[in-house]
Q: 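Below is one structure. I have some questions about it.
Within every chain, numbering begins at 1; the chains are lettered A, B, ... in the order of the sequence lines, protein sequences first and strands thereafter.
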2 protein chains.
Amino acid sequence: MLDPMSGPRRRAPRQAEAERNDRALLAAAREVLAADGAHASVAAIAARAGVGIGSLYRRYRTKQELFQRLCVLSLDSWNDAAERGLAAQDPWEGLAGFVTACVEFGQGSLAPIAGLIEVTEEMRAKSDRSDELLAALVTRAQEAGAIRPDVTPVDISLLIEQLGSSPVLDQLRRQGREDLLAAAGHARRRIITITLDGLRTIHAGPLPGPAPTERLFTERWEPHPDPA
Amino acid sequence: MLDPMSGPRRRAPRQAEAERNDRALLAAAREVLAADGAHASVAAIAARAGVGIGSLYRRYRTKQELFQRLCVLSLDSWNDAAERGLAAQDPWEGLAGFVTACVEFGQGSLAPIAGLIEVTEEMRAKSDRSDELLAALVTRAQEAGAIRPDVTPVDISLLIEQLGSSPVLDQLRRQGREDLLAAAGHARRRIITITLDGLRTIHAGPLPGPAPTERLFTERWEPHPDPA
DNA sequence: CGGGTTGCGGAGTGAATTGCTCCGTTATAC
DNA sequence: GTATAACGGAGCAATTCACTCCGCAACCCG
C-alpha cells in the first residue's frame, strides 16, 4: 500500500472526458428508459452513450446506483421547474409551465423503475420538498380561479405521469424512425395543450403546430427492422 | 395414419373447457401486456390465465399468433364502440363514450407490440374500417360545434393511446397491490374527464369520484416484494 | 367397467439476454 | 520514455425466453 498523500496532488489527466461521459451516460439512461421501460439494460445505456460498459461501472458501482442518481436529478429538475412556476406572475402560466417542463424533461420515463430500486434518504427529502412546491402551485392557481376548484395536487402528479411518457414518440425512437420524430413531437404538444385546457376554468386558443398525419399512427406497425 | 372420417363425427368431449380457457388466455394476455409491456412472456400469460403452457400452445401455434388474435379482437371492440358512439343521439356523448370505451377495454396496452408482430390482412381491413368510423364520429361532433374545430381524428387516436395505458394502475397491478386498485381506477377516471373536457368547446361539471390520495403516488416506490 | 379419444399441465431444452468483472489498450503528464 | 488514469469490450455465471414433449386426467360410448 502506498501512501496516497505522497508527492504533490496531480490533476487527473483525462478528467474532462470522464465528466463528459458521465453526462452522456445519464442522458442515455433517460432515453433508454423511455424507450425500453423496465426492460432497459446497462449494455444498451452504455452503447447509447457511446461509452464502454467498463466506464459505466467505474462511475456507478451498480445499475441501481445509476438509476438512483437519475431519480435525484429528476427530482431536482422537478423542483427547479416548480420554483420557476411559482416565480411567474400569472398563476396559470406558472402551473402550466411547470407541467410542461416536467413532461418535457422526461419525468414519466422514471415511472417504470418505481419499486425496483431502493429509495434513498436524499430522494425522500427532495420528494417531500417537491410535494410542498406542487401544493403551493396548485393552491395559488385555484385561489386565482384559474383552474377547476376540485383538482388536487395528486391529480396533477398523476397527470404529469400520464403525459410524461409518449407511447408514440418512444416507440418511433425505439424503431429508429428519426424521420417521424419531429411530427410525433408536434402531435404530443397538441395532446398536452388539450389536457391542460381541460384543467382550466376558461378555454384557451387553438391547438399548436401542424395537425398530425396518419403515418404517425400507422407506420409503427410495419415489421420492425431492428435498429442495431 | 387413420382416416379421420372413419366412424361418425363425435362431439369433442371437453370442448367447453377449451373455450373457457381460450377466453381466459386472451384476457390474461391483455392484462400481462398492460403490466409488462413488450416484456410480457408466454409463461406469465398462461400462469395468469390459470392454464398450462401446453394448452396455450395447442390453441396458438406461436406467441405472435396469440397477439395477432388479440389485435383483431381489439379492433373489433374499437369498431363496436365507434358504432355505438355514432348511434348515440348527442354527438358529444357519442364521441366521449367511444373514447372512454376504448380507454377502458385496454386499447393502449397493445401499443407495445406494434412493430413486433406481422400485420395480417384481417387486421389491416378492420383498421381501415375503424379509421372511417372515427372520422365520422369526429366530423359529426365538429359539425355540431361540440368539440374544438381544429382537432383531427389522428389527434383522437393519439389521445386514446395516451390515455389507454395508466402507468399507476398498471404498476400497482404488477406489484399486486389489490388494495389500491380501486383508488387508482377512480383517479384515472378523473384524468380522463379532465382530458375530455379539454376537447370540448364548453366545460362540463365537476370531476367524478373521490379525490386521489397521496398513497397512490408514493407507495409504488416502496421496495417491491415480488408478487410471486 | 374398459378402451379410446381429447385436452390438460408443466418439466425440460437450447438459445438468447443480463448484470457485472477483468484486463489489455490508449491517451495524457512529466 | 515512463507512469498513471481512464478507456472499451470480451467473457462469465445466472437467469429468462419461446417452445417441445409426454405422462395423466376427464370424458365418451358400449
Q: At under 4.0 Å between heavy atoms, what does Ala40(A) touch on the DNA or RNA strands: base, sugar-phosphate, or nothing?
A: sugar-phosphate

Q: Spell out, as yes or no, whether a donor-acceptor pair under 3.5 Å connects the side chain of Asp155(A) to the backbone of Thr152(A).
A: yes

Q: Quick one: do the Ser77(A) and Asp80(A) side chains pair a donor with an acceptor below 3.5 Å?
A: no

Q: Rounded to the nearest Å, what distance is computed from the CZ atom of residue Arg20(A) to the C1' atom of nucleotide dA6(D)?
A: 12 Å

Q: Ignoring the backbone of Lys63(A), work out which of dA18(D), dT21(C), dT18(C) is nearest its side chain.
A: dT18(C)

Q: What is the distance from CG of Leu56(A) to P of dT21(C), rounded to the nearest Å?
A: 12 Å

Q: Let me know the distance between CZ of Arg59(B) and P of dA18(D), rounded to the nearest Å.
A: 20 Å

Q: Whole Å only: how far is the OH atom of Tyr57(B) from the P atom of dC19(D)?
A: 4 Å

Q: In the structure I gave you, are the side-chain heavy atoms of Lys126(A) and Glu121(A) within less than 4.5 Å of one another anywhere?
A: no

Q: Can you figure out which of dT18(C), dT20(D), dG9(D) approaches the side chain of His39(A) most closely?
A: dT18(C)

Q: If each of Gly50(A) and Arg58(B) is mapped to the nucleotide of DNA chain D with the nearest heavy atom, which maps nearer the 5' terminus, i.e. the 5' end?
A: Gly50(A)

Q: Please determine whether a side-chain nitrogen or oxygen atom of Asn21(B) lies at a distance below 4.0 Å from atom OP1 or OP2 of dG7(C).
A: no

Q: Let's see if you can work this out: which of dT21(C), dA18(D), dT20(D) has an atom nearest to the side-chain heavy atoms of Ile53(B)?
A: dT20(D)

Q: For Arg30(A) and Ser74(A), test the side chains for any donor-to-acceptor distance below 3.5 angstrom and give the result as yes or no.
A: yes

Q: Ignoring backbone atoms, test whether Ser55(B) places a side-chain nitrogen or oxygen under 4.0 Å from the OP1 or OP2 oxygen of dG7(C).
A: no

